[in-house]
Amino acid sequence: MSYDQQKQQQQQQQMYHGMPNGVPPQMEARVNANGAQQYYPSPGSNLPYMPPQPIPANLTTPVMAQKMPPHMNLVNGSGTSTRTASPAFGGNIPPSQLPPAPNPNLQAPPGGNVGTWNAQRMPQSANTATSQSNVNNNVTTTRSIPPVPSFAPLKTSTPNQSFNLATNMQNMSLNSNYPAPVQQVPSPAAHRPQGFNTQPFNGQSHQPQQPLQYQNQQQYQPQVHPYGNNVASLGATHAGFNRLWGNESVDLLENRHILPPEKVQPPTIRLNQQFQESVNCSPDIFRCTLTKVPETKELLNKTRLPLGILIHPFRDLSNLPVIQCSTIVRCRACRTYINPFVHFVDSKKWKCNLCYRVNELPDEFQYDPVSKTYGDVTRRPEVRSSTIEFIAPSEYMLRPPQPAIYLFLLDVSNIAVQSGYLNTVCDTLMEHLDNLPGDVRTQVGFITFSSTVNFYHLAEGFNQPHEITVLDIDDVFLPCPDNLLVNLKECRELIKELLLQLPKRFSGVHEPKSALGAALQAAFKLMGPSGGRVTVFQACLPNWGPGALQSREDPNNRSSKEVTHLGPATDFYKRLALECSGQQIAVDLFLMNSQYSDLATLSGISKFSGGCIHHFPLFNQGKAQQVESFKKCFERYLTRKIGFEAVMRVRCTRGLAIHTFHGNFFVRSTDLLSLPNINPDAGFGMQIVHEESLSDLRSVCFQAALLYTSSKGERRIRVHTLCLPVAVNLTEILYSADVQCMVGLLAKMAVDRSLTASVADARDALINATVDVLCAFKVAQNLPSGLTGQVVAPQNLALLPLYISALLKHPAFRVGTSTRLDDRVFAMCEMKSLPLDQLIRYIYPDFYNIDSVFENPTAKVEPARMQLSAEKLDSRSIFLLDCGTQILIFVGTNAQPNIVTGVFGVPSVNDIPDLFFTLQNTGTPESEALHAFIEGLNDEKPFAASIQIIRDSSSYRSQFTEKLIEDRADNSLSYYEFLQHLRCQVK
C-alpha cells in the first residue's frame with residue numbers, strides 16, 4: 001500500500017474522533033426558527049465514502065443464529081428473575097430464540113435497588129451459549145455457536161413498568177431505561193458486570209441550560225466499521241434484486257430528508273389472484289398494520305410490529321353498491337356475509353372464508369340483478385365488491401325504524417353569553433334547518449340551562465315559543481309531556497322565531513352557574529322513548545347541580561413533565577352516557593370554553609354514547625377566524641349523513657381474534673359495538689392477536705358489518721371485507737408493514753397508556769416501539785452489530801421515526817411545553833377517533849413551497865411536499881402549511897411584489913395585516929391557481945379549512961414556525977437528534 005493510500009485510510013478512520021456532541025465536523029451549527037441551536041450539513045460538504053475492506057481470515061463471520069430479538073430480565077412480584085420479550089410489543093418467545101441467561105453475579109449500581117437496576121448480558125465462552133426459557137419450567141439448552149468478540153448490552157425494564165395489552169397476551173414496556181452507549185467493550189475474558197446509568201436524558205451534552213425529553217445519551221464517538229460505510233455492504237446484484245422486490249433498506253442518518261414529495265400511498269396487498277386484488281377493500285376504508293399476516297404468534301413477536309386494523313366504516317362514498325333482496329346470504333355458523341373471497345363449491349354451495357363451513361345458496365342468488373340473467377353466481381354484486389350495502393329485511397329490526405330526532409342543549413351562563421357563541425349557533429342552525437338529514441317525521445327540540453333548566457313549548461297553534469323553567473335541578477323533571485320535541489316541517493316558523501329570540505333573551509343574563517348535569521338528565525328523559533342525537537354546547541366548567549365539577553388544573557404546572565388529571569373526576573357522565581347508549585341516544589359535545597372546563601370528565605358523555613367532541617378554545621364572536629372555523633365545522637355537523645341505532649361487529653378468520661377496541665362506542669358484547677349514532681367522520685381501531693397457528697391458510701380475512709337506521713327510516717347493513725395473505729418469512733413481514741396505519745394504531749395505544757399510567761410512560765413506549773422495530777430489522781437482515789453511525793430501516797418503515805418524533809411533540813404527548821389540560825385531552829380524543837387520513841395530517845401537517853403554482857398558473861401544478869423544518873424557508877418564497885382544519889400561508893419578506901399583489905391584493909408584503917384571514921380571489925391567473933390548489937386540498941376533508949396569512953415580519957410568525965416540528969425547540973430534540981438518540985439505542 002502506498003503512502004498516500006495509507007494516509008487516506010488513516011484520515012477516514014479518524015474523521016469522526018473528537019467531534020463535539022457526536023456531530024460530524026461537516027455539520028454546521030445554526031439557530032433554527034425556534035431559537036435553538038441545531039446542526040445542519042455544511043453547503044457542499046459530503047461524508048467521505050469508506051470502501052469495503054477485506055475480512056481477516058481469522059475472523060469468523062457471525063451467523064444468523066446469533067442475531068437475537070431484544071429481550072430483558074424482569075423481576076416479578078416475588079423477586080424472581082423472569083425472561084420475557086422486550087419493550088413495546090411483547091409475547092412469549094420460544095426457548096430456542098432466547099439469548100443467554102444473565103450472570104447471577106450482576107450487581108446493582110450504587111444507590112440503586114434490585115427492582116430498578118439495568119442488567120448487561122455477560123460474555124459467554126467461545127464455543128457455547130446457554131438459553132433459559134423462564135423460572136417456571138427451567139428448561140436449559142446448550143448449542144454451539146461461532147466465537148464472537150463481545151455481546152451488545154441488553155435493554156431492561158423495571159418490574160413496575162410492564163403492562164398487559166390483554167390478559168395473558170402481550171406485554172408492552174412502559175419505560176425501558178436504555179443503557180447509554182458503551183465506550184469500551186470488555187474483552188470476552190473479563191467476566192465483570194457493568195451497570196448502566198438510569199438517569200433520564202436531560203440533553204446536557206447538547207445544551208446544558210435546556211433540559212430535554214429523552215433518556216440518557218452520553219457523548220458518542222462512532223468508529224469506522226471494517227465492512228465499509230454502506231447500509232449493509234450489499235453487492236450490486238443483491239441490491240438490485242432487493243429494489244426489484246421492494247425490499248430496499250435505507251440509512252436514515254444519511255438520508256435525513258426522507259419524506260417523499262408526493263402523497264404517501266398505502267402498500268399494495270398482493271394475493272396472487274388478480275380478481276381478488278382488484279376487488280379488495282379500499283385502504284381509505286379498511287387498513288391493517290401489516291399487509292402480510294404472520295403465520296404464528298411467535299413470528300409476530302419476532303417482528304416487534306403491532307398487529308391491528310383501522311376502519312372508517314361510514315365514510316362518504318360516491319359509488320356504493322346497494323342491494324335489496326328478501327334473503328341476505330350469510331354463513332350459518334359464524335354469520336359472515338357472503339363476499340368476494342368465499343369459495344364456491346358449485347352453483348349451489350359456498351365455503352365461508354372465515355370459519356370454512358360449507359353453506360347452501362338460496363335459489364334467488366342465481367339471479368344477477370345487473371344483467372337480469374340466471375345461472376352465474378359469480379356475477380352477483382355481493383361477490384364482486386368488497387364494500388356493499390344491503391337494505392335489511394324486517395328480521396333485522398327490533399322495533400320500527402326511529403325518526404331523526406335532534407335535541408340542542410345550550411349553555412346560557414354568564415361566560416357563555418359573553419363569548420357570543422349563541423348568535424353564531426342560532427344563525428347557522430336557522431340557515432340549515434331545511435338541510436338536516438331526515439324525512440317528514442324529523443323532530444327538533446331545545447333546552448337552555450344555567451342555574452335552572454329551561455324548556456321550550458312549541459305547539460303548532462302557538463304564535464310564539466313558550467319558555468318553561470324548572471328550578472329543582474336536583475330532581476329534574478319534564479314540565480309537560482308533549483310539544484317539547486316538535487315536527488320540523490309543521491313547526492318550522494316557530495323554531496325560526498325561537499332561534500331569533502334566544503340570543504336576545506339571554507343577552508342581559510349574568511348567571512355564573514351552569515347545571516349541565518341536570519340538563520343532560522332532562523334530555524335523557526325527553527329522548528329515552530325514541531332515541532336520537534343530543535347536541536351540547538358548553539362554555540364553562542359545570543359547577544351546579546348533579547355532576548358539578550371543581551377546577552383541577554394548576555396553570556403553573558402546564559409545562560410539567562408530570563401530567564395529572566387526565567382521567568375523570570367523577571363517573572357521573574360516564575354512567576349517564578351508558579344509560580343513553582341503552583336507549584339509542586348519542587351525545588355530541590361542542591366545548592367553547594375560555595377557561596378550564598375539565599374536558600377529561602365531560603368527554604365521557606360522548607365517548608361512551610357513540611358521540612363526537614369538538615373543541616374551540618377561547619372562542620369569542622369578535623374573532624373572525626374562530627367564528628369562521630366554528631361555522632364551517634357546525635355546518636358540516638348539521639348536514640352530514642347520520643345513522644341511528646347502529647351496531648357494528650368485526651369478524652376475522654378462525655385463528656385470529658380482536659382483543660382491544662379504540663374509538664367512541666360502548667362494547668355491548670365481546671365483539672359488538674353499540675353506536676347510537678354513526679357519522680362519516682368517525683374512525684375506529686382494533687388490535688388483533690393470534691389464538692392459533694395459521695399454517696394451514698394462505699390468506700385471512702376481516703369483515704366489518706355496520707347495521708344502522710338511515711335518516712330516511714331505512715334499516716341498512718354496510719359490509720366491508722379485507723383479505724390479506726399469510727407469510728412465514730420474518731423479512732417479508734417487516735417489508736409488508738404499513739407505516740401510516742401502524743402510527744395510527746400506536747397513537748391510540750399511547751392514549752390508553754397515558755390514561756392508565758402516565759404521559760411519560762406513553763412517550764417511552766412510543767420510543768421503545770420504534771427501537772424494537774429497528775432492532776428486529778437488524779436481526780432479520782443479519783446486519784453487523786458494529787455498524788455504528790447508522791440507523792438502518794426498511795424503506796417502507798423509513799417514515800416511522802419521523803412520525804414518532806412528531807407524535808412526541810404533539811399537544812397530546814408533549815411535555816416541558818406549556819399545554820392547557822383541556823387542549824391535551826381533546827388532542828387525545830382526536831387520536832382515538834379520527835380516521836387515518838385525517839389523523840396523519842393532524843400529526844404531521846403537509847408543507848408546500850407554492851412558488852411552482854405561480855410560475856405557470858395556467859397549468860395544474862402539484863407542489864412537492866417538504867419536511868417540516870425551517871431550513872426549507874426562503875425569504876423570496878411563499879409557503880403553505882396544511883394542518884387539516886386550518887391552512888397557514890407564510891409570505892417571505894422578499895417575495896415577488898407582482899405575485900403578492902396579484903394573490904393577496906396588497907401593494908407589498910409589509911402591507912399584509914398581522915391578522916389576515918381572508919384570501920380573496922382577485923381574478924389574476926396566480927390567484928386562480930392558488931384557489932384551485934387549495935380547493936384540491938379541501939376535497940379530501942370533511943369541510944374546507946380556514947385560512948390565515950402570515951408575513952415573515954409579523955408578530956404572529958411563531959404560530960407558523962412552532963409547527964415546524966422537525967426543528968429543535970427549547971424542550972425537545974430535532975428530528976436529526978432524535979435519529980441520533982435512536983442510533984444509540986439500537987444494538
Test item: Met831 and Leu807 side chains (from C-beta on) under 4.5 Å apart, heavy atoms: yes
Is it the case that the side chain of Thr721 and the backbone of Gln703 share a donor-acceptor pair, with hydrogens and angles ignored and the cut-off at 3.5 Å? no
Charged N to carboxylate O below 4.0 Å: is that the case for Arg636 and Asp316? yes
Verdict with supporting geometry, Arg492 and Asp434, side-chain contact (heavy atoms from CB on, under 4.5 Å): CA-CA 9 Å; Arg492 186 174 180 275; Asp434 296 334; 2.6 Å; yes
Ignoring hydrogens and geometry, is there a side-chain-to-backbone donor-acceptor pair from Gln626 to Leu618 under 3.5 Å? yes
Compare every heavy atom of Cys334 with every heavy atom of Leu354, then report the nearest pair and how far apart it is. CB-SG, 4.3 Å
Pairing residues for Arg820 by the salt bridge (charged side-chain N to carboxylate O under 4.0 Å, His left out) criterion, not counting sequence neighbours: Asp823
Tell me if a side-chain donor or acceptor on Ser581 pairs with a main-chain N or O of Ala577 at a distance below 3.5 Å. no
Pairing residues for Ser711 by the side chain to side chain donor-acceptor pair (under 3.5 Å) criterion, not counting sequence neighbours: none
Pairwise distance CD1(Ile658) to OG1(Thr660) - rounded to 0.5 angstrom: 10.0 Å
Would you say the ring centroid of Phe666 lies under 6.0 angstrom from that of Phe608? no
NZ (Lys525) with more than 12 external heavy atoms under 6.0 Å: yes
Would you name the heavy atoms of Ser710 and Phe644 that are closest together and state the gap between them? O-CD1, 4.4 Å
With sequence neighbours excluded, residues passing side chain to side chain donor-acceptor pair (under 3.5 Å) with Glu431: none
Could you tell me whether Phe446 and Tyr456 have their ring centroids closer than 6.0 angstrom? no
From CA spacing to verdict: side-chain contact (heavy atoms from CB on, under 4.5 Å), Leu317, Glu389: CA-CA 11 Å; Leu317 300 174; Glu389 188 158 283; over 6 Å; no
May I ask you to say whether Glu714 pairs ionically with Arg716, meaning some side-chain N is under 4.0 Å from a carboxylate O? yes
Once you measure the plane-to-plane angle for Phe616 and His614, does it fall in the parallel (<30°), tilted (30-60°) or perpendicular (>60°) bin? parallel
Determine whether Val759 and Met828 make a side-chain contact, defined as any pair of heavy atoms from C-beta on separated by less than 4.5 Å. yes
Using a 4.5 Å cut-off on heavy atoms from C-beta on, say whether the side chain of Ser597 contacts that of Leu591. yes
Could you tell me which residues satisfy side chain to side chain donor-acceptor pair (under 3.5 Å) with Gln584, sequence neighbours excluded, listed by chain and number? none
Can you name the nearest heavy-atom pair linking Arg287 to Pro266, along with the distance? NH2-CB, 3.4 Å
Can any side-chain N or O of His720 pair as donor or acceptor with the backbone N or O of Pro313 at less than 3.5 Å? yes
For Gln402, check side chain to side chain donor-acceptor pair (under 3.5 Å) against everything at least two apart and list the hits. Arg399
Is it the case that over 12 heavy atoms from other parts of the model lie below 6.0 angstrom from the CD atom of Gln550? no
Output yes when a side-chain donor or acceptor of Thr819 lies under 3.5 Å from a complementary backbone atom of Arg824, and no otherwise. no
Do Phe634 and Phe590 have ring centroids that are under 6.0 Å from one another? yes
Going by distance alone, is a donor N or O of one side chain under 3.5 Å from an acceptor N or O of the other, for Gln886 and Ser946? no
CG (Leu599) and CG (Leu821) are apart, to the nearest 0.5 Å, by 8.5 Å
Rounding to 0.5 Å, atoms CD1 (Ile605) and CD (Gln538) come to a distance of 11.5 Å
Between Asp671 and Arg649 (salt bridge meaning N to carboxylate O under 4.0 Å), is one present in this structure? yes
Polar side-chain atom of Asn679 near backbone of Ile642 as donor-acceptor pair, under 3.5 Å: no
Indicate whether the side chain of Tyr844 and that of Gln740 have a donor and an acceptor atom separated by less than 3.5 Å. no
Any side-chain hydrogen bond (donor to acceptor under 3.5 Å, both in side chains) pairs touching residues 565-574, not counting sequence neighbours? Asp571-Arg575
Is there a side-chain contact between Asp837 and Glu940 (heavy atoms, below 4.5 Å)? no
Measuring from Ile717:CD1 to Tyr396:OH, what's the distance to the nearest 0.5 Å? 4.5 Å
Hey, could you give me the CZ/CG distance between Phe702 and Leu722, rounded to the nearest 0.5 Å? 7.0 Å
Dump the intermediate steps for side-chain contact (heavy atoms from CB on, under 4.5 Å) on Cys612 and Asp681, then the final yes or no. CA-CA 9 Å; Cys612 59; Asp681 303 324; over 6 Å; no
Using only atom types and a distance under 3.5 Å, with no angle test, would you say the side chain of Thr289 pairs donor to acceptor with the backbone of Pro306? yes
Is Arg718 reaching over with its side chain to a backbone N or O of Leu706, donor-acceptor style, under 3.5 angstrom? no
Close side-chain approach of Met648 to Phe684, heavy-atom, < 4.5 Å: yes
Can you find a pair of side-chain heavy atoms, one from Leu409 and one from Phe537, that are under 4.5 Å apart? no
Closest heavy-atom contact between Asn938 and Ala945? OD1-N, 3.2 Å
Are Leu488 and Ile495 close enough that some pair of their side-chain heavy atoms sits under 4.5 Å apart? yes
Suppose we call two aromatic rings close when their centres sit under 6.0 Å apart. Are His810 and Tyr842 close by that rule? yes
In Å and rounded to the nearest 0.5 Å, what is the SG to CG distance from Cys540 to Asp411? 4.5 Å
What I'd like to find out is whether the side chain of His662 reaches to under 4.5 Å of the side chain of Asp752, using heavy atoms alone. yes
Have Asn339 and Tyr337 got a donor and an acceptor in their side chains that come within less than 3.5 Å? no
Apply side-chain contact (heavy atoms from CB on, under 4.5 Å) to Lys641 and Phe314, showing your working. CA-CA 9 Å; Lys641 185 170 54 177; Phe314 207 53; 3.8 Å; yes
